[in-house]
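Report on the following structure.
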Amino acid sequence: GARAALGDAFGGGARWVLTACAAAFAGAATAASARRGSGHGRGAQRALVARRAQGEDFYSVLGVRRTAGEREIKDAFRKLARKWHPDVNKESGAQAKFQKIARAYEVLADPQKRRRYDQFGEAGVEGLPYPPNTSSFSGQNLEDILGEVFGSVFNNIGFGGRRRAPRGPQKGQDLSCEVEFPFNVACFGGEWPVQVKRAEVCKSCDGQGTKKTAENTNCWKCKGTGYTAVVMPTPVGTMQTEQPCNICNGSGVDPSAVCQDCRGKGTKPESAEVSVKVPAGCTNGNQLRVRGEGDKGARGGPPGDLYITVKVAPSQEFHREGYDIHTESTIGVCDAMLGTTIKVRTIDGTAEIKVPAGTQPETKMRIRDRGVPKLGKPSERGDHFIRVKVQVPTRLSTEQTKLAEQLRSKL
């Protein structure tokens, strides 16, 4: 008996075990009968052979021209698979339609089979595996194509592979948040506490998701796989599929053994305080990574990481531009004319600067290396800029007015 294995399932853990024996026997019997038939003559035999040679028009099945290239055939199959795959199309004829599409693609995607089909029709490729061995023809991996179409379902299951419930160690999820840091902490760095809500290891089950007193945690029905087999007859043979176990809902864990505190997850959401090391010189939009401070892993798995987007609180005294600090200082008219020394507050203390005689309003003065330390290079710093404001008196006494007039006459 001729047997053509369809290989393993096209989704949802389904494994197709379709037997083409009946079709092969029927084809052989029909051909033998045609050869032996004395009453029909050579004309009838030639007509039968012609009909068998013609068979299914695989180009029409995929909706492509006979001159279609490899890319066009692959794109056509991808489009049809998305529409007719029995895991996404529950119509009664979807299964047969998809089998026909898969058969057409298997032949047309293989250059050698396609040449034989173009010369002799379907008869030229009869007896070859149906549907395709998913990784053997023309470098076209049907599993990869269906993975592109349906996403992670096929990547997680695979052909011929049974997807099991995730029972081993699971890494915790990474977390992200935005935190506002004080102005001085962002400038000079330091430790800063951050409150986060994350998954912590369940203390009742030590992160295992099952009761400590449970002896056997595997589901009695699916034996811990999370899936049970269902066999269905089809017009071309038998189809065996896998579906989530209705006892454990696909977890593979006996419901009576599930930890009630964490509901089998192994972790519980809780608030925690994380001490974050803030580097000197960070600014708005910088991202800090705190390793191991994300969600805790279940069943002994490693924790995820915490990603913090920096937001710097504004300062009432200082204006920051990059690594430079900007402030303003006000002096009187006489100080501007004659010069003076003033004290200026910087981010790390007080500094004295000399204002030269004849300083004009809005003059910008600079104190080098008194700005913000540079990120990753704390020994290097920006500058501190002071914009000088000149205050002009609005009310003068009689004596002041006379002195000002005398001064004006001398200037």
Side-chain angles (χ1 to χ4, degrees), residues 177-195 273-288 290 308-411:
C177 62
E178 183 181 74
V179 177
E180 184 176 77
F181 296 100
F183 187 85
N184 282 346
V185 173
C187 289
F188 295 106
E191 298 282 336
W192 192 257
V194 173
Q195 295 292 327
E273 182 176 284
V274 178
S275 181
V276 178
K277 187 176 182 179
V278 183
C282 63
T283 188
N284 289 323
N286 287 157
Q287 191 173 69
L288 309 180
V290 188
I308 298 175
T309 301
V310 175
K311 182 178 181 182
V312 181
S315 170
Q316 295 182 350
E317 291 185 83
F318 307 107
H319 173 68
R320 177 179 172 181
E321 292 183 5
Y323 297 113
D324 295 330
I325 295 294
H326 295 260
T327 59
E328 293 181 353
S329 290
T330 302
I331 60 175
V333 173
C334 293
D335 289 336
M337 291 189 298
L338 304 176
T340 186
T341 299
I342 61 175
K343 291 183 178 181
V344 177
R345 278 185 55 81
T346 67
I347 59 175
D348 54 357
T350 303
E352 287 189 353
I353 60 171
K354 290 183 178 181
V355 179
T359 296
Q360 301 298 309
E362 303 300 321
T363 296
K364 185 180 288 187
M365 306 182 70
R366 177 169 65 177
I367 308 176
R368 295 183 181 275
D369 299 326
R370 294 299 290 269
V372 180
K374 295 184 178 180
L375 185 64
K377 299 178 180 179
S379 61
E380 299 179 15
R381 299 180 62 170
D383 299 328
H384 187 123
F385 291 90
I386 306 100
R387 186 181 298 275
V388 178
K389 299 284 187 179
V390 178
Q391 186 176 28
V392 179
T394 56
R395 292 183 180 181
L396 298 177
S397 64
T398 303
E399 183 179 358
Q400 289 173 334
T401 302
K402 290 181 180 179
L403 291 174
E405 289 177 348
Q406 292 177 4
L407 178 61
R408 182 170 61 181
S409 65
K410 298 295 182 178
L411 293 177

Quiz item: Hey, which of D324, T346, T327 is the one that makes side chain to side chain donor-acceptor pair (under 3.5 Å) with H384?
Solution: T327
Exercise. Please examine the side chains of M365 and S329, heavy atoms only from C-beta on, and report whether any two atoms are closer than 4.5 Å.
Key: no
Practice problem: State whether the side chain of R381 and the backbone N or O of G371 hold a donor-acceptor pair below 3.5 Å, judged by distance alone. | Solution: yes
Quiz item: Is there a donor-acceptor contact under 3.5 Å from the side chain of D383 to the main chain of D369?
Solution: yes
Quiz item: To the nearest 0.5 Å, what is the distance between CD (Q287) and OG1 (T309)?
Solution: 5.0 Å
Quiz item: Between S275 and E191, is any side-chain donor less than 3.5 angstrom from a side-chain acceptor?
Solution: yes
Self-check item: For R370 against I347, the heavy-atom pair lying closest together
Solution: O-CG1, 4.0 Å
Quiz prompt | Spacing of C334 atom SG and Q391 atom CD [to the nearest 0.5 Å] | solution = 12.0 Å
Exercise. Looking only at non-hydrogen atoms, find the nearest pair between D335 and T340 and report the distance.
Key: CB-CG2, 3.7 Å
Self-check item: Nearest-0.5 Å distance that lies between atom NZ in K389 and atom OG1 in T363
Solution: 11.0 Å
Quiz item: Are any non-hydrogen side-chain atoms of Y323 and L375 less than 4.5 angstrom apart?
Solution: yes
Practice problem: Measure the shortest side-chain to side-chain distance between C177 and I308 over non-hydrogen atoms and say whether it is less than 4.5 angstrom. | Solution: yes
Self-check item: pair P279-L288: side-chain heavy atoms closer than 4.5 Å
Solution: yes
Self-check item: Gap between atom NZ of K343 and atom CD of E352 - 0.5 Å precision
Solution: 5.5 Å
Quiz item: So V310 and T283, side-chain contact (heavy atoms from CB on, under 4.5 Å) or not? Walk me through it.
Solution: CA-CA 7 Å; V310 175; T283 188; over 6 Å; no
Quiz item: Taking everything shown except E380 itself, do over 12 heavy atoms lie less than 6.0 Å from its CD?
Solution: yes
Quiz prompt | Side chain Q360, main chain G358, donor-acceptor under 3.5 Å | solution = yes
Quiz item: Using 30° and 60° as the class limits, which term best fits the ring planes of F385 and H326: parallel, tilted or perpendicular?
Solution: parallel
Quiz item: Rounded to the nearest 0.5 Å, what separation is found between the CZ atom of F183 and the CD atom of E317?
Solution: 9.5 Å
Self-check item: From T401 atom OG1 to R408 atom CZ, the distance as rounded to the nearest 0.5 Å
Solution: 10.0 Å
Quiz item: Do you know the tightest heavy-atom contact between V194 and V276?
Solution: CG2-CG2, 3.5 Å
Practice problem: Give the minimum heavy-atom separation between E328 and I386, together with the two atoms involved. | Solution: C-CG2, 4.4 Å
Quiz item: Would you call I342 and I353 a side-chain contact if the rule is heavy atoms closer than 4.5 Å?
Solution: yes
Practice problem: Kindly give the heavy-atom pair with the smallest separation between N286 and G281, and that separation in Å. | Solution: OD1-O, 4.5 Å
Practice problem: Compare every heavy atom of I367 with every heavy atom of A351, then report the nearest pair and how far apart it is. | Solution: CB-CD1, 4.1 Å
